[in-house]
A.B. asks: 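What follows is a structure written as structure tokens; I'll ask about it next.
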Amino acid sequence: MKRFIVLVIEILICFLLQTTVFQWIALAHVTPNLLLILTVATGLMRGRTEGLAVGFASGLLIDFCYGNVLGLFALIYMIIGYLNGYSHRIFVKDDLTIPILLVGVSQFVYFFLYYVFEFLLKGKLNILFYLVRIGLPGIIYTVVVSIVLYKLLNIINIRLDRKVEEEVT
């Protein structure tokens with residue numbers, strides 16, 4: 001139950017920071033995707049099921065507030081959370097290489113799926129323009145922010161695991 005409450009709080013905090021504070025410090029008109037970082041971190045640390053659930057909740061929150069089609073962001077985040085859950089078996093608590101790599105790849109998958117559903121299906125075929133203007137700055141900014149945010153999420157996860165172990169013994 002504690003983990004569920006902590007996940008809900010993490011989702012709300014990341015959403016609020018992404019939509020308020022980071023709007024003021026946007027670089028090249030791009031903000032870091034904190035909910036994507038949270039989804040990747042949860043999938044990596046907790047597995048496919050929790051990654052899928054956090055991805056669904058994060059995407060649905062964005063859909064309710066900013067989406068044109070209800071469920072598009074939920075679907076994209078669910079796919080990302082589920083796929084990152086496969087990396088749970090190679091999760092090393094102190095290593096930052098795999099999480100940073102997964103965040104970069106996930107941000108590219110997010111950009112590509114968003115491009116397909118929002119631009120390509122509307123006949124806007126210039127993917128290189130969108131990649132240079134939106135995709136690459138978003139990937140770089142999200143990866144840089146993920147270094148700090150992932151460390152914080154990892155510390156929270158370790159403390160929750162310790163609490164569960166203490167309660168069991």
A.B. asks: Could you give the distance from CD1 (I62) to OG1 (T19), rounded to the nearest 0.5 Å?
C.D. replies: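 Output value for this atom pair is 9.0 Å.
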A.B. asks: Under 4.5 Å between side-chain heavy atoms, counting indirect links through other Ile/Leu/Val/Met/Phe/Trp/Tyr residues: same cluster for Y114 and L125 or not?
C.D. replies: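 Same cluster.
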A.B. asks: Test your reading of the model: is there a side-chain donor-acceptor pair from T31 to the backbone of F22, 3.5 Å cut-off?
C.D. replies: no
A.B. asks: Between D63 and F73 (side chain of the first, backbone of the second, donor and acceptor by atom type, cut-off under 3.5 Å), is there such a pair?
C.D. replies: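 Indeed, once roles are kept as given, a pair shorter than 3.5 Å links the two residues.
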A.B. asks: Distance check, rounded to the nearest 0.5 Å: N84 atom CG versus R46 atom CZ?
C.D. replies: 15.5 Å
A.B. asks: Give a yes or no on whether F119 atom CZ has more than 12 heavy-atom contacts from other residues, nucleotides or ligands under 6.0 Å away.
C.D. replies: yes
A.B. asks: Tell me, yes or no, whether the heavy-atom count around F111 atom CZ, taken from other residues, nucleotides or ligands under 6.0 Å, exceeds 12.
C.D. replies: yes
A.B. asks: With rounding to the nearest 0.5 Å, note down the distance linking CG in L152 to CG in N157.
C.D. replies: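 The CG atom of L152 sits 11.5 Å away from the CG atom of N157.
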A.B. asks: Would you call E50 and R3 a side-chain contact if the rule is heavy atoms closer than 4.5 Å?
C.D. replies: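 They are in contact (side-chain heavy atoms under 4.5 Å apart), so the answer is yes.
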A.B. asks: How long is the span from the OG1 atom in T42 to the CG atom in L52, to the nearest 0.5 Å?
C.D. replies: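 These two atoms lie 11.5 Å from each other.
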A.B. asks: Apply the side chain to side chain contact (heavy atoms under 4.5 Å, CB included) test between E10 and each candidate in L34, L38, V54, L35; give the one that qualifies.
C.D. replies: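 With E10 as partner, side chain to side chain contact (heavy atoms under 4.5 Å, CB included) holds for just one option, L38.
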A.B. asks: Say you draw a straight line from CZ of R48 to CG of L83; how long is it, rounded to the nearest 0.5 Å?
C.D. replies: 10.0 Å
A.B. asks: Taking 4.0 angstrom as the limit, do R162 and E166 come out as a salt bridge?
C.D. replies: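 No salt bridge links R162 with E166.
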A.B. asks: Parallel under 30°, tilted from 30 to 60°, perpendicular over 60°: which one fits the rings of F112 and F108?
C.D. replies: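 Because their plane-to-plane angle is under 30°, the rings of F112 and F108 count as parallel.
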A.B. asks: With a 4.5 Å limit on heavy-atom distance, are the side chains of E118 and L72 in contact?
C.D. replies: yes
A.B. asks: How long is the gap from OH on Y141 to OG on S146, to the nearest 0.5 Å?
C.D. replies: 12.5 Å
